[in-house]
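Reviewing the structure listed below.
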Amino acid sequence: MADEKKLTGRDEDYSAWYNEVVLRGELADYSPVRGCMVIRPYGYRLWELMRDQLDRRFRETGHQNAYFPLFIPQSFLSREAEHVEGFAKEMAIVTHTRLKAGPDGGLVPDPESRLEEPLVVRPTSETIIYEMFAKWVQSYRDLPLLINQWANVVRWEMRTRLFLRTTEFLWQEGHTAHATHQEAEEESRRMLGVYREFMEEWMGMPVVTGRKSPSETFPGADHTYACEAMMQDNRALQAGTSHHLGQNFSRQFNLKFATESGAEEYAYNTSWGTSTRMVGGLVMTHSDDAGLVIPPRLAPIQVVIVPIARKDDEWQTVLEKALSVAAALPGVRTHVDDRRNLTPGAKFYEWEIRGVPFRIEVGPKDIEKQQLVLARRVVADGEARKEFLPEAEVLNSLPARLEDFQEWLLMRARERRESNSYRGVTSYDEFRQIIEGPGGFVYTGWCGGSSCEERVKEETRATIRVIPDEEFRSVETPKGCVVCGQPATAEVVWARSY
RNA sequence: CGGGACGUAGCGCAGCCCGGUAGCGCACCUGAAUGGGGUUCAGGGGGUCGCGGGUUCAAAUCCCGCCGUCCCGACCA
């Protein structure tokens with residue numbers, strides 16, 4: 001029976017392991033609607049903590065929140081040709097506004113209520129937002145216009161997976177309008193940097209940043225930047241994107257402004273987004289065979305305190321001590337597990353599967369010795385799982401220990417990524433052996449041709465994740481394309497992805 | 001839309017081949033003892049066996065049809 005409670009091992013079946021960790025960690029649950037997800041309170045709190053951090057950064061960089069409609073007139077989508085082509089195949093469409101009794105006793109849409117123009121449920125909001133921007137912008141003095149929206153969107157994907165690809169998901173989409181190409185370019189780079197900083201410093205999830213190849217560019221964008229993280233099965237996860245839209249949308253939505261010299265010009269737009277998918281990335285970056293591992297800065301509960309007692313009179317004393325320990329940790333998100341009907345061991349397992357960074361145990365023996373038992377969710381090889389420390393030391397050192405653990409998780413993830421990255425690969429055979437074997441990030445030269453990219457995708461299911469930014473590039477300039485051998489125009493990162 | 005599997009209690013499953021009182025584990029409820037790594041014992045509640053039809057004295061079990069779910073592909077800004 002103990003076996004039943006164990007998780008599927010990470011290395012045995014990664015998908016099953018991931019699902020179990022998410023479900024049993026109580027982040028989310030399946031919903032009656034296929035492909036949709038219920039985010040449970042614990043998972044939602046985690047999302048709120050992420051959201052608050054990002055939102056603060058958006059405000060610090062001059063953005064304001066606003067809200068736009070869920071429904072978009074179908075015709076809006078079709079104004080930008082590439083945009084509609086990219087999204088047309090995964091859309092939910094509203095065509096009627098009433099139901100009536102059908103011939104079989106069930107309900108059918110009332111034909112008389114058919115909408116003249118169908119509404120699509122937003123898969124992203126560029127069209128409706130730039131329609132509004134066009135009304136708001138008259139002069140260069142109205143620019144830049146820096147808006148962000150927290151919302152839900154719907155994309156009717158064929159196959160879904162908790163947090164990583166759900167039919168409906170929560171996200172944030174920033175939309176901006178600028179007077180010049182350069183300003184828009186700076187904006188899209190700036191917001192990519194905001195994402196990267198958040199992912200590394202708060203999620204402990206290192207990312208490779210760079211530009212997308214044309215085939216992976218957002219439909220309607222001039223070019224797209226992205227943050228790519230490596231999961232524990234060595235596949236890539238696109239965790240955030242930032243698009244420079246050029247004047248593609250402003251031309252279609254008539255978003256014009258008067259310049260200083262009185263001339264009329266189309267604005268330059270950017271859009272950028274991150275979603276609840278980041279929660280999945282967090283899970284697949286740190287968690288282990290015992291369950292979730294949540295970095296301290298984002299953990300809904302940072303320290304759980306478990307009182308331990310045999311008899312009722314002991315319980316009162318021990319519980320009071322547990323509460324006083326919690327009170328002595330201001331600014332730390334603590335939780336005292338005062339449930340009387342569970343054994344301590346059962347509680348330990350439960351808080352481990354929920355990824356709480358630190359656990360403090362308080363028993364009669366500890367009170368006597370003025371000590372506490374401290375356990376970190378994950379320790380380095382060879383380190384003790386539990387420490388018996390004087391109470392004062394635990395209280396004084398906890399804030400620093402939380403920060404240490406945060407840093408340690410990032411470092412561990414970075415080391416894992418680097419040991420599964422292959423630089424300077426020149427032979428296609430070697431390339432295939434890596435992708436089809438252990439997997440990982442493979443850095444090679446690329447001629448820039450889409451046919452080489454397509455061939456790799458067909459043969460290995462790997463794609464170009466990014467044309468990496470300078471700091472991620474290997475030292476030598478790539479000599480030739482790993483596929484066709486022609487002169488390379490850039491170094492690229494290949495991987496199988498989610 | 002192709003290939004494969006599965007549908008029995010909230011969850012995980014056995015039973016089906018060979019038709020005959022619907023079972024097990026976990027979870028849940030009650031009581032007692034327990035409590036420093038998944039406590040133990042005793043008692044209890046919970047089911048149109050995915051749906052429809054057929055064969056039969058009798059169907060979870062055999063036959064036919066349908067529906068649904070999952071996995072692998074295709075798809076995935």
Side-chain angles (χ1 to χ4, degrees), chain A residues 1-8 13-16 19-20 23-24 29-30 32-35 77 80 82-91 122-127 153-161 164-167 169 171 173 212-221 223-226 235-243 245 271-275 277 290-291 306-312 314-315 318 337 339-353 359-369 371-375 385-386 388 457-458 461 463 496-498:
Chain A
M1 62 180 181
D3 293 342
E4 279 200 356
K5 297 189 171 179
K6 268 175 81 178
L7 286 168
T8 304
D13 185 339
Y14 198 76
S15 300
N19 285 333
E20 272 185 71
L23 293 169
R24 288 183 47 200
D29 203 350
Y30 297 114
V33 183
R34 191 198 160 277
L77 264 294
E80 217 291 338
E82 286 184 16
H83 191 63
V84 68
E85 203 192 316
F87 285 105
K89 284 178 282 184
E90 48 182 53
M91 208 83 86
R122 61 179 165 218
T124 180
S125 307
E126 274 76 6
T127 55
V153 286
V154 166
R155 297 180 188 178
W156 216 266
E157 305 282 1
M158 288 178 175
R159 275 180 76 190
T160 60
R161 219 143 127 44
L164 300 179
R165 185 174 297 109
T166 46
T167 301
F169 56 95
W171 80 343
E173 50 183 321
K212 287 287 183 183
S213 68
S215 75
E216 299 267 329
T217 295
F218 177 75
H223 55 274
T224 290
Y225 298 106
R235 286 170 71 182
L237 182 76
Q238 178 175 298
T241 49
S242 183
H243 317 291
L245 304 173
S271 68
W272 26 275
T274 60
S275 70
R277 174 181 254 202
V306 180
I308 295 160
R310 286 168 195 275
K311 305 171 203 127
D312 280 344
E314 277 179 354
W315 176 258
V318 155
D337 189 348
R339 288 173 297 177
R340 197 73 175 93
N341 58 335
L342 285 180
T343 60
K347 292 180 183 177
F348 298 166
Y349 280 100
E350 185 178 319
W351 294 114
E352 273 164 18
I353 206 169
R359 178 182 74 235
I360 292 174
E361 303 169 24
V362 200
K365 285 180 247 169
D366 305 311
I367 294 177
E368 204 177 294
K369 296 183 196 167
Q371 68 170 21
L372 293 170
V373 178
L374 183 67
R385 294 187 61 201
K386 278 191 189 186
F388 298 77
K457 188 173 182 181
E458 267 173 40
R461 280 161 47 214
T463 49
R496 284 183 182 164
S497 76
Y498 278 97

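Quick note: numbers below take in every heavy atom, side chains included, and nothing from hydrogens, waters or symmetry partners.
- Here A:Phe348 does not pack flat against the base of B:G37, since the 5.5 angstrom centre distance and 30 degree tilt limits are not both met.
- Partners of A:Arg310 according to the side-chain hydrogen bond (donor to acceptor under 3.5 Å, both in side chains) rule, which considers only residues two or more places apart in sequence or in another chain, do not exist here.
- A sub-4.0 Å separation between OP1 or OP2 of B:G35 and a side-chain N or O of A:Thr343 is absent.
- The shortest non-hydrogen separation linking A:Gly363 to A:Val318 is C-CG2, 3.8 Å.
- Note on A:Pro364: a base of the nucleic acid sits closer than 4.0 angstrom, heavy atoms only.
- On a pure distance criterion of 3.5 Å, no polar donor-acceptor pair joins the side chain of A:Arg339 and the base of B:G35.
- If you check every strand for non-hydrogen atoms under 4.0 Å, A:Lys365 touches a base.
- Contact annotation for A:Lys386: base contact, defined as any heavy-atom pair under 4.0 Å involving a base atom.
- A salt bridge (Lys or Arg N to Asp or Glu O under 4.0 Å) with A:Glu352 is found for one member of A:Lys347, A:Arg359, A:Arg24 and no other, namely A:Arg359.
- Residue A:Arg340 places its side chain closer to B:G35 than to any other of B:G37, B:G38, B:G35.
- Among the atoms of the strands shown, none is found under 4.0 Å from any heavy atom of A:Thr224.
- A distance below 6.0 Å separates the ring centres of A:Phe218 and A:His83.
- Nucleic acid contact class of A:Glu352 (heavy atoms, under 4.0 Å, all strands): base.
- Considering only side-chain atoms of A:Arg310, the nucleotide from B:C75, B:G35, B:A74 that sits closest is B:G35.
- Checked against B:U39, B:A74, B:C76, the side chain of A:Ala346 finds its nearest nucleotide in B:U39.
- As judged by a 4.0 angstrom heavy-atom cut-off over every strand, A:Phe169 is placed among the base-contacting residues.
- For A:Arg461 against B:G73, a side-chain-to-base donor-acceptor contact under 3.5 Å is absent.
- A:Gly86 comes within contact range of no nucleotide atom at all, as no heavy-atom separation falls under 4.0 Å.
- Panel note: side chain A:Thr167, backbone A:Gly35; a donor-acceptor pair is recorded below 3.5 Å.
- For A:Arg24, taking side-chain heavy atoms from C-beta onward, the closest of the listed nucleotides B:G35, B:C76, B:G38 is B:G38.
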